[in-house]
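Okay, so here's the structure we're looking at.
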Protein chains: 2
Amino acid sequence: MSKLVIVGTVAFDAIETPFGKTDKILGGAATYIGLSASNFDVDSAAVSVVGGDFPQKYLDLLSNRNVNTDGIEIVKEGKTFFWSGKYHNDMNSRDTLATELNVLEHFNPVVPDAYKDADVVMLGNLHPMVQQGVLDQMNKKPKLAILDTMNFWMDIALDDLHAVIKNVDVITINDEEARQLTGEYSLVVAARKIHEMGPKYVVIKKGEHGALLFNNGHMFYAPALPLEEVFDPTGAGDTFAGGFAGYLAKTEDYSFENMKNAVIYGSTLASFCVEKFGTERMQNLSKGEIDHRLKDFKRLTQFNIELS
Amino acid sequence: MSKLVIVGTVAFDAIETPFGKTDKILGGAATYIGLSASNFDVDSAAVSVVGGDFPQKYLDLLSNRNVNTDGIEIVKEGKTFFWSGKYHNDMNSRDTLATELNVLEHFNPVVPDAYKDADVVMLGNLHPMVQQGVLDQMNKKPKLAILDTMNFWMDIALDDLHAVIKNVDVITINDEEARQLTGEYSLVVAARKIHEMGPKYVVIKKGEHGALLFNNGHMFYAPALPLEEVFDPTGAGDTFAGGFAGYLAKTEDYSFENMKNAVIYGSTLASFCVEKFGTERMQNLSKGEIDHRLKDFKRLTQFNIELS
């Protein structure tokens with residue numbers, strides 16, 4: 001069984017949307033990535049840090065979905081990372097109400113020995129030096145290193161970000177961030193410039209407008225499934241990344257053709273994530289539900305024009 | 001050979017984009033629709049009005065692409081409709097600098113007798129009463145009536161618009177206009193509400209984000225081809241509509257499955273339109289170029305996940 005190392009936040013989120021609001025609930029990039037990847041038959045491990053206030057039941061929830069939690073450090077006297085945000089009516093923009101780094105401030109990730117030979121490493125959104133620190137601990141170069149990041153790191157740690165970007169095979173980034181990173185409005189041109197920074201594969205996430213995969217002039221596009229109602233977009237990008245990484249780890253085929261399928265799986269899983277608050281929908285997703293929605297994706301995108 | 005009646009403006013445009021600006025050049029919804037539909041083997045006729053200032057060479061240009069111009073009235077003492085606009089750097093928004101209705105102000109469309117039995121009618125963006133006037137002149141109910149419109153008519157002629165929408169099979173509309181027409185943010189919900197207004201098929205155009213086709217709970221999505229550079233977006237929506245209508249008229253198959261192909265053809269043709277100023281790119285497009293780009297669309301969207 002392929003091993004997948006996931007680094008990212010494990011956190012408390014408090015979310016407000018036009019449909020309601022939550023108290024502190026389970027959140028964090030590594031949480032969403034892990035839950036999403038758990039839908040594939042892979043041996044994954046989360047590397048993160050939480051405080052003494054973090055409930056054991058949340059760790060159990062990950063373990064029960066076959067996400068190893070040995071690499072989640074518990075700082076007994078510390079408090080768990082907390083993020084709070086409020087979505088606007090269009091669900092495409094949000095205000096951050098609070099960000100309390102807490103134990104994340106002095107986080108030194110430790111990859112469990114049993115996972116230092118993992119084939120796939122998914123570097124979730126965190127300080128680029130933490131992401132590089134995980135890569136540095138691997139016994140051998142992973143077959144696939146995937147990096148997710150955000151504009152925040154471009155603002156405060158651009159050199160560190162460039163350093164780690166150089167060392168990964170795939171970057172996942174949203175459209176605005178791709179533009180910020182490259183200074184190019186056209187996503188085609190932006191993707192080419194990001195290729196030149198290192199990654200052979202560039203995934204540009206466009207939220208409700210889907211995702212684009214680029215590889216040396218080749219392109220693939222997966223729409224987001226149009227939904228009657230987006231209940232809570234929190235974690236959709238991480239869920240996409242988790243599905244993408246999980247599918248590739250499971251199939252052990254890192255070709256562009258198979259990455260197309262990985263993008264479709266990522267989009268499929270993200271379409272579930274947004275249906276309920278936080279991780280709720282991702283906690284007990286069945287294979288039948290996923291297969292059913294993949295069929296929806298096929299119907300949504302496949303056509304039959306015969307060309308000579 | 002199937003007949004296609006096209007009503008819409010034939011006009012002068014003056015366009016400014018970050019790449020440059022034009023003097024008065026050939027424009028208008030019927031022009032773009034006609035040029036786009038001319039890539040299919042159909043007998044199409046444009047119904048419109050121009051002034052005495054309109055050059056014969058522009059009419060010849062349409063005739064030479066097999067668009068019948070008998071239904072384009074020439075008001076010798078009048079001036080041709082003129083629109084001028086300036087695109088912002090992101091190419092997704094524009095300011096209208098001038099709109100001179102001129103001969104359009106008192107336009108009474110006349111469908112040539114030879115086209116009153118056309119199977120397909122494409123009602124380009126014009127006052128809804130003009131669109132209804134064209135439908136009223138048909139000898140028999142067309143097999144497919146397609147309507148394009150814009151927010152301007154929702155603002156000043158909403159009742160007339162509702163009256164003609166009731167009588168068409170397909171509406172093409174952009175995302176913001178769909179939201180304005182229905183008061184719904186979700187495009188899935190908006191499409192359902194537009195179904196209830198009459199049209200069995202709803203096409204929502206999302207510009208660089210592609211187009212969605214809805215039919216009673218079924219959905220299909222065609223992306224826009226990601227381009228290095230969008231040179232001039234003017235006419236892209238009409239070119240889409242012309243490709244959609246032309247393909248359906250040619251194939252005489254008005255099923256949802258075939259409409260998927262029509263949406264792909266529309267997107268393919270629109271991707272050419274934006275590569276040069278105005279109608280320039282559409283004036284001498286070859287079948288080989290179109291087929292080549294259709295292959296690009298296949299590669300962009302088709303994947304191979306086998307489901308049990």
Side-chain angles (χ1 to χ4, degrees), chain A residues 18 89-92 175 179 184-192 204 206-210 212-214 218-230 247 256-265 268 287 290-308, chain B residues 18 89-92 175 179 184-192 204 206-210 212-214 218-230 247 256-265 268 287 290-308:
Chain A
N89 281 332
D90 68 3
M91 287 289 194
N92 278 322
D175 44 0
R179 288 173 175 139
E184 294 289 343
Y185 184 80
S186 159
L187 297 178
V188 177
V189 180
R192 197 171 55 223
I204 298 183
K206 306 201 298 169
E208 65 162 322
H209 301 302
L212 281 161
L213 167 67
F214 294 90
H218 298 290
M219 284 188 290
F220 178 69
Y221 177 85
L225 195 71
L227 295 169
E228 294 235 347
E229 190 175 282
V230 171
Y247 178 79
F256 180 69
E257 281 306 311
N258 197 48
M259 252 182 227
K260 292 180 175 182
N261 297 343
V263 169
I264 293 291
Y265 267 98
T268 300
K287 190 173 179 316
I290 296 169
D291 282 355
H292 190 274
R293 193 151 294 183
L294 279 168
K295 284 181 190 154
D296 290 342
F297 262 89
K298 276 199 156 183
R299 274 192 291 265
L300 182 68
T301 58
Q302 307 300 287
F303 57 88
N304 283 308
I305 296 176
E306 292 304 327
L307 293 167
S308 47
Chain B
N89 280 334
D90 67 3
M91 287 290 196
N92 277 323
D175 44 1
R179 287 170 175 142
E184 294 289 344
Y185 184 82
S186 159
L187 297 178
V188 177
V189 180
R192 197 169 55 222
I204 299 183
K206 306 202 296 169
E208 63 162 323
H209 302 302
L212 281 161
L213 167 67
F214 294 90
H218 299 290
M219 283 188 291
F220 177 69
Y221 177 85
L225 195 69
L227 295 169
E228 293 234 348
E229 188 175 283
V230 171
Y247 177 80
F256 180 70
E257 281 305 312
N258 198 47
M259 253 182 227
K260 292 181 175 182
N261 297 344
V263 169
I264 292 291
Y265 268 98
T268 299
K287 191 175 177 318
I290 296 169
D291 282 355
H292 189 273
R293 193 152 293 183
L294 279 167
K295 283 180 190 156
D296 290 343
F297 262 88
K298 275 198 156 181
R299 275 193 290 266
L300 183 68
T301 58
Q302 307 300 288
F303 57 88
N304 283 308
I305 296 175
E306 293 304 327
L307 293 166
S308 47

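Here is how names work: the chains are called A, B, and so on, in the same order as the sequence lines, proteins then strands, and each is numbered from 1. From a predicted model like this one, the values you see are computed outputs, not experimental measurements.
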Trace of the side chain to side chain contact (heavy atoms under 4.5 Å, CB included) decision for Tyr221(B) with Tyr221(A): CA-CA 11 Å; Tyr221(B) 177 85; Tyr221(A) 177 85; 2.8 Å; yes
Which portion of Tyr185(B) sits near chain A, non-hydrogen atoms under 4.5 angstrom: side chain
Chain A contact via Lys206(B) - which portion, at a heavy-atom distance below 4.5 Å: side chain
Would you name the heavy atoms of [X] and [Y] that are closest together and state the gap between them?
X         : Y         : result
Glu228(B) : Val188(A) : CG-CG1, 3.9 Å
Gln302(B) : Gln302(A) : OE1-OE1, 3.0 Å
Phe220(B) : Arg299(A) : CD1-O, 3.8 Å

Chain B interface, residue from His209(A), Glu184(A), His218(A), Glu229(A) that has the most non-hydrogen pairs under 4.5 Å: His209(A)
Chain B contacts, top residue of Leu212(A), Leu227(A), Asn258(A) (heavy-atom pairs, under 4.5 Å): Leu227(A)
Winner by heavy-atom pair count (cut-off under 4.5 Å) against chain A, out of Ala191(B), Ala222(B), Ala190(B), Ser186(B): Ser186(B)
Pairwise distance CD1(Ile305(A)) to OH(Tyr247(B)) - rounded to 0.5 angstrom: 5.5 Å
Partner of Met219(B) by side chain to side chain contact (heavy atoms under 4.5 Å, CB included), out of Asp296(A), Thr301(A), Leu300(A): Leu300(A)
